[in-house]
2 protein chains.
Amino acid sequence: MPKVGMEPIRRQQLIKATMAAIDEVGLADVTVARIARHAGVSAGIISHYFGGKDGLLEATMRQILTDLGDAVAANRQELRHDTPRARLEAIIEGNFDRSQVTDPVAKTWLAFWASSMHKPRLARLQQINDRRLYSNLCAQFRCLMPLDEARLASRTLAAVIDGLWLRGALTPEGLHADGARRVALATLDRLLSTSDRPLSTSDAVTTAS
Amino acid sequence: MPKVGMEPIRRQQLIKATMAAIDEVGLADVTVARIARHAGVSAGIISHYFGGKDGLLEATMRQILTDLGDAVAANRQELRHDTPRARLEAIIEGNFDRSQVTDPVAKTWLAFWASSMHKPRLARLQQINDRRLYSNLCAQFRCLMPLDEARLASRTLAAVIDGLWLRGALTPEGLHADGARRVALATLDRLLSTSDRPLSTSDAVTTAS
DNA sequence: TTTTATTAATTGAACGTTCAATAAAAAAAT
DNA sequence: ATTTTTTTATTGAACGTTCAATTAATAAAA
């Protein structure tokens, strides 16, 4: 079996196996033996290619976030009418495309999100991603409304997107991408259509928190 | 030391210690020894009162969800103007009151949410809670708009609330309750103010997903 | 034959649970 | 009012298991 140039193949194979294993038993019960079995290799190979279990987990999270970023970027380049609104819609589409919105990906994503609360290396990856989403949203909203409103709109849409993922990951039937996308797009529609009406009391925003 | 009637005291003490321990090192690295040390008791006592580690974790999640339900109910009974809108605002206030919106609670909540993906007993608790929130929201929205719109509005607001908790649990500065509440209330405002305007394309909802 | 890829066996640490012993408090008996 | 018995609360050490990492051996490719 040993052939030269196996490294990229094995890495990809093991990352995919990690997601499958997390989907199957959850991050808490994932062992290197189980991941290796999924990939059809021995456990020792994980230390060889990733330096250990933690290295593989980090690589898996990085892969998910990279795929997400790619999906957003891809959707954005397919735009014909390049308006701010179209760009916002593309961001939403990208976020519910996430390469493929499968159960393993959604569950792994949430598992890592929770895990990153106490693992600085994962937290850093997560934060970079969060900030990118927020900045992207804010840059577009700012073309259409004052800064304060744009910030509020960005926080709202970001919360909706993450909330839909969160709920989708837990629901027994899995994340229904079409339904989620519809909710997010409807939210965007409301955020844009109310930007020129007078603010009611609960809209008042004095400073960013 | 042994006094009679310690059970309710110890149970409360251990549940609180569990949240503190999860806040400190995360659910993955929580050991019975660490929880016991936080509570100032020995490790064996956990099995005695909760039947084991899992029993304590389940009791802790149940406590958080109970506190949340109580907070919502309390906010609702303090209402003077009992309009559907006021009730929706009370639900939001309750969800960002959650007895006390502390860091340990937010982190424990998210940790359990992730964990419940693969623990049926926890998933059941979570689902009961989810459905209660959704039903409460939907019942109020239905007073103000057609059923289809009410369902969409409920899904949106539920996603915003959970998304804000999710993001708050991860952010290094912790969950800022005031800022989160403001976002949620602004979302509610938009959901209500657009209910009588014509729907744009992305608002169209044919069937529930 | 040297290098690369991989395995299988092993190690050592960490963990949850169990359980016998103990100590205080309460109840009963003297 | 003492003493004895019983109940309740708690400890801490021992046990068995599980797991990640390491190591030495193996086998194919270059």
Side-chain angles (χ1 to χ4, degrees), chain A residues 1-61 108 111-112 115 118-122, chain B residues 1-61 108 111-112 115 118-122:
Chain A
M1 297 185 188
K3 274 190 298 190
V4 74
M6 288 301 286
E7 179 155 345
I9 296 170
R10 287 278 178 257
R11 289 183 71 96
Q12 206 50 43
Q13 191 179 16
L14 285 166
I15 286 172
K16 197 165 185 178
T18 302
M19 294 191 210
I22 291 176
D23 179 42
E24 192 177 319
V25 297
L27 182 57
D29 291 328
V30 160
T31 65
V32 291
R34 188 184 294 271
I35 296 172
R37 183 150 34 86
H38 259 280
V41 296
S42 92
I45 211 78
I46 287 173
S47 289
H48 182 249
Y49 282 123
F50 293 94
K53 189 189 185 184
D54 280 352
L56 172 54
L57 293 179
E58 183 179 332
T60 304
M61 182 172 187
T108 305
F112 278 129
S115 177
H118 296 94
K119 306 221 169 169
R121 296 181 67 88
L122 297 186
Chain B
M1 300 178 188
K3 274 190 296 188
V4 73
M6 291 301 287
E7 179 155 344
I9 296 170
R10 286 279 179 258
R11 288 182 73 95
Q12 207 48 45
Q13 191 178 16
L14 286 167
I15 286 171
K16 198 165 185 180
T18 303
M19 294 190 209
I22 291 176
D23 180 42
E24 192 178 317
V25 297
L27 182 56
D29 290 328
V30 161
T31 65
V32 291
R34 188 183 293 270
I35 295 172
R37 182 149 35 83
H38 259 281
V41 295
S42 95
I45 210 78
I46 287 174
S47 289
H48 181 249
Y49 281 124
F50 293 94
K53 190 188 184 185
D54 280 351
L56 173 54
L57 294 179
E58 184 180 332
T60 303
M61 182 174 187
T108 305
F112 278 128
S115 177
H118 295 94
K119 306 220 166 168
R121 298 181 66 86
L122 297 187

> Whole-Å distance between C:dT4 C1' and A:Ile45 CD1?
Replying inline: 10 Å
> Base, sugar-phosphate alone, or nothing: which one does A:Tyr49 contact when heavy atoms must sit under 4.0 Å apart?
Replying inline: sugar-phosphate
>> Please check this pair: side chain of A:Lys119 against backbone of A:Glu58, looking for a donor-acceptor N/O pair closer than 3.5 Å.
In response: no
>> Once side chain to side chain contact (heavy atoms under 4.5 Å, CB included) is applied, do any residues pair with A:Ala20, and if so which ones, sequence neighbours excluded?
In response: A:His38
>> Just the rounded figure in Å: distance from P of D:dC19 to CZ of A:Arg37.
In response: 10 Å
> Rounded to the nearest Å, what distance is computed from the NE2 atom of residue B:His48 to the C1' atom of nucleotide C:dT18?
Replying inline: 13 Å
>> When both hydrogen-bonding distances must be under 3.5 Å and the geometry is Watson-Crick or G-U wobble, what is D:dA14 paired with, if anything?
In response: C:dT17
>> Could you tell me how far apart B:Arg34 (CZ) and C:dC15 (P) are, to the nearest whole angstrom?
In response: 8 Å
> Which nucleotide in the set C:dT7, D:dT11, C:dC15 lies at the smallest distance from any side-chain heavy atom of B:Thr31?
Replying inline: C:dC15
> Taking the side chain as C-beta and beyond, is there a heavy-atom pair between B:Val25 and A:His118 under 4.5 Å?
Replying inline: no
>> Rounded to whole Å, how long is the line connecting atom CD1 of B:Ile9 with atom C1' of D:dT8?
In response: 13 Å
> Should B:Lys16 and B:Gln12 count as side-chain neighbours, where that means a heavy-atom distance under 4.5 Å?
Replying inline: no
> How close or far is atom P of C:dA5 from atom CD of A:Gln13, stated in whole angstroms?
Replying inline: 14 Å
> Minimum heavy-atom separation for B:Ile45 to B:Val41, with atom names?
Replying inline: CG2-CG2, 3.6 Å
Can you tabulate the close N/O pairs, meaning under 3.5 Å, that link protein atoms to atoms of nucleotides 21-26 of chain D?
from, atom 1, to, atom 2, distance (Å)
D:dA21, OP2, A:Lys53, N, 3.0

>> So which atom in A:Ala111 and which in A:Ile22 form the shortest heavy-atom distance, rounded to 0.1 Å?
In response: CB-CG2, 4.2 Å
>> Could you tell me if the side chain of B:His48 sits less than 4.5 Å from the side chain of B:Arg10, heavy atoms only?
In response: no
> For A:Ile35 and C:dT6, what is the distance between atoms CD1 and P respectively, to the nearest whole Å?
Replying inline: 17 Å
>> Between P on C:dT6 and CZ on A:Arg11, what's the gap in Å once rounded to a whole number?
In response: 13 Å
